[in-house]
Amino acid sequence: MKPQILQNISLKPYNTFGIDCTAKNFIEVKTVDELLEVLKLVEQEKFPSIFILGGGSNILFLNDFDGLVIKNSIKGIEKVNNTENEENITLYVGAGEKWHQFVLFCLENNYGGIENLSLIPGTVGAAPMQNIGAYGVEICNVVERVKVIDRKTKEIKWIINDECQFGYRSSIFKHQAKDKYIIIGVEFRLTKKNHILNTSYGAIQDFLYSEDTLNLNTNQIPSINQISKAVIAIRESKLPNPKEIGNGGSFFKNPEIPSNQFEELKKEFPTIVGYAVSDEITKVPAGWLIEQCGWKGKIVGNTGAHKNQALVLVNYGDAKGEEIWNLAKEIQKSVFDKFGLNIEPEINIVG
Ligand code: EPU
């Protein structure tokens with residue numbers, strides 16, 4: 001059957017910034033076969049551009065979209081045959097599954113590895129694009145391989161972890177192979193026991209061991225459920241819920257700079273925060289830089305930098321994508337003027 005493409009669909013429910021723009025053409029696909037059919041049609045119809053939409057939690061639409069938006073809703077969580085032993089299991093997850101739903105599934109089954117990535121918005125298929133990460137864990141730690149369709153040849157193939165070229169908020173899918181593949185599913189290698197826990201973040205430690213929260217004994221090893229609870233509590237206290245205030249999480253990446261440049265900056269700004277990535281490279285939290293420039297909690301028209309986390313730009317109402325992007329550029333400029341540092345968007349700007 002020929003896929004039914006819808007016309008002039010509002011993208012407001014499909015992006016967490018809540019930008020009200022329109023897709024000239026729109027289709028949702030629920031299976032790989034449906035997707036292949038749509039790709040055949042794309043060849044005949046010659047749309048000016050194609051955009052693959054996951055959870056819409058990391059994009060900012062600047063204008064109406066003239067081409068075809070394909071919403072990837074391919075679902076399913078399966079055990080991969082002959083991969084399970086006493087310690088580990090491999091799961092194959094459809095790209096359209098909601099990321100946090102998958103985290104909850106793993107917690108219910110006591111599969112460890114992604115508990116620190118609780119409550120991250122978006123879909124499983126979008127997660128490898130930018131190598132989602134939080135509280136010391138990145139998805140690249142657990143991805144075995146990624147299943148894709150080559151957009152040109154329509155061939156289905158696997159990209160193994162090493163080939164994904166994962167880095168800080170980056171991968172081959174975001175850079176070298178941008179627009180080459182459509183991710184249709186991801187295989188994860190998870191633990192069933194002897195979970196590899198990461199509780200190094202101060203805020204996680206506080207939640208686990210403070211009297212007014214979980215109050216564990218300092219020698220008690222937390223469960224993956226308890227770590228997830230800690231992460232959820234931290235995220236809820238700092239990050240605005242996109243269902244209440246439109247946003248796309250961190251708008252910028254934290255700049256990674258030569259450590260000697262960091263030392264120079266420290267002389268001028270003694271309270272500057274930095275984390276060593278290696279002996280030569282230091283990561284500076286962009287949230288701190290933005291706050292120092294006076295943006296934290298500031299409201300500019302319909303937008304602003306959030307009051308609890310300056311790195312998160314928000315839509316207070318009917319902001320257009322352009323309005324948020326203009327604010328982002330002003331913020332970039334002021335950070336550059338004060339610190340001489342370039343902060344780059346983490347969000348994909350479409351327009
Ligand atoms: N900070 C400020 N002012 C602010 C915000 C932060 O001074 O307004 C300082 C904090 O005090 C802290 C440091 O910056 O010393 C780091 O802050 P935080 O722990 O909140 O983390 P982040 O570096 O701002 C990154 C990720 C988040 C992830 C957290 C936790 C990026 C771009 N962002 O934020 O990811 O949840 O670490 O691991 O790397 C996302 O990508 O959308 C996202 C939310």
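Everything numeric here is computed off the predicted structure, so don't read it as measured data. As the structure lists them, so they are numbered: ligands from 1, and atoms in each ligand from 1. Quick note: residue numbers are just sequence positions, from 1.
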For atom 30 (C) of ligand 1, what's the nearest protein heavy atom and its distance? Y135 CE2, 3.4 Å
Any protein heavy atom lying closer than 4.0 Å to atom 3 (N) of ligand 1? yes
Counting from 1 in the order shown, the ligand 1 atoms closer than 4.0 Å to a non-hydrogen atom of G249 are 42 (O)
Establish whether atom 10 (C) of ligand 1 and some protein heavy atom are separated by less than 4.0 angstrom. no
Which part of P285 is near ligand 1, with near meaning a heavy atom under 4.0 Å away: side chain, backbone, both or neither? side chain
Closest non-hydrogen protein atom to atom 35 (O) of ligand 1, residue and atom name please, with distance? R169 NH2, 2.9 Å
What residue and atom, counting heavy atoms only, is the protein's closest point to atom 23 (O) of ligand 1, and at what distance? N254 ND2, 2.8 Å
Each residue besides L68 in its hydrophobic cluster should be listed here, by chain and number; the cluster joins Ile, Leu, Val, Met, Phe, Trp and Tyr at side-chain heavy-atom distances under 4.5 Å. I5, I27, V29, V32, L35, L36, V38, L39, L41, V42, F47, I50, I52, I70, I74, V80, Y92, I149, I156, W158, I182, I184
What is the closest protein heavy atom to atom 19 (O) of ligand 1, and at what distance does it sit? K238 NZ, 3.6 Å
Less than 4.5 Å apart, any side-chain heavy atom of K147 and any of E187? no
Okay, side chain of N217, backbone of N219: is any donor-acceptor separation there less than 3.5 Å? no
When distances are taken from atom 15 (O) of ligand 1, the protein heavy atom at minimum range is Y275 OH, 3.3 Å
Full working for side chain to side chain donor-acceptor pair (under 3.5 Å) between N161 and E144: CA-CA 6 Å; N161 184 311; E144 189 99 325; over 6 Å; no
R145/E163 salt bridge by N-O under 4.0 Å criterion: no
Of I232, L197, N198, the residue whose pairing with E115 passes side-chain contact (heavy atoms from CB on, under 4.5 Å): L197
Atom 26 (C) of ligand 1 protein-contacted (non-hydrogen atom, under 4.0 angstrom): yes
Looking only at protein heavy atoms, what sits closest to atom 31 (C) of ligand 1 is Y168 OH, 3.4 Å
May I ask you to check whether L239 has an N/O atom sitting below 3.5 Å from an N/O atom of ligand 1? no
Could R169 and E346 be called an ion pair, given the rule that one side-chain N must be under 4.0 Å from one carboxylate O? yes
Using modelled atom types and a 3.5 Å cut-off, is there a donor and acceptor pairing between side-chain atoms of R189 and backbone atoms of T83? yes
protein heavy-atom neighbour closest to atom 1 (N) of ligand 1 works out as W288 N, 3.8 Å
Strictly below 4.0 Å, N to O, side chains only: are D337 and K333 in salt-bridge contact? yes
Looking at F188 versus F102, is the centre-to-centre ring distance below 6.0 Å? yes
So, are K320 and E323 salt-bridged, with charged N and O less than 4.0 Å apart? no
Ligand 1 atoms in contact with A310 (distance to a heavy atom under 4.0 Å): 4 (C), 8 (O)
Report the nearest protein non-hydrogen atom to atom 36 (O) of ligand 1: residue, atom name, distance rounded to 0.1 Å. R235 NH1, 3.4 Å
How does Q309 reach ligand 1, by side chain, by backbone, by both or by neither, if only non-hydrogen atoms under 4.0 Å count? both
Using distance alone, determine whether S250 and ligand 1 share an N or O pair under 3.5 Å. yes
May I ask you to list the atoms of ligand 1 that are less than 4.0 angstrom from any heavy atom of K296? 3 (N), 4 (C), 8 (O)
Under a plain distance cut-off of 3.5 Å, with no hydrogens placed, do N25 and Q7 share a side-chain donor-acceptor pair? yes
Which ligand 1 atoms does F252 reach within 4.0 Å, using its non-hydrogen atoms? 32 (C)
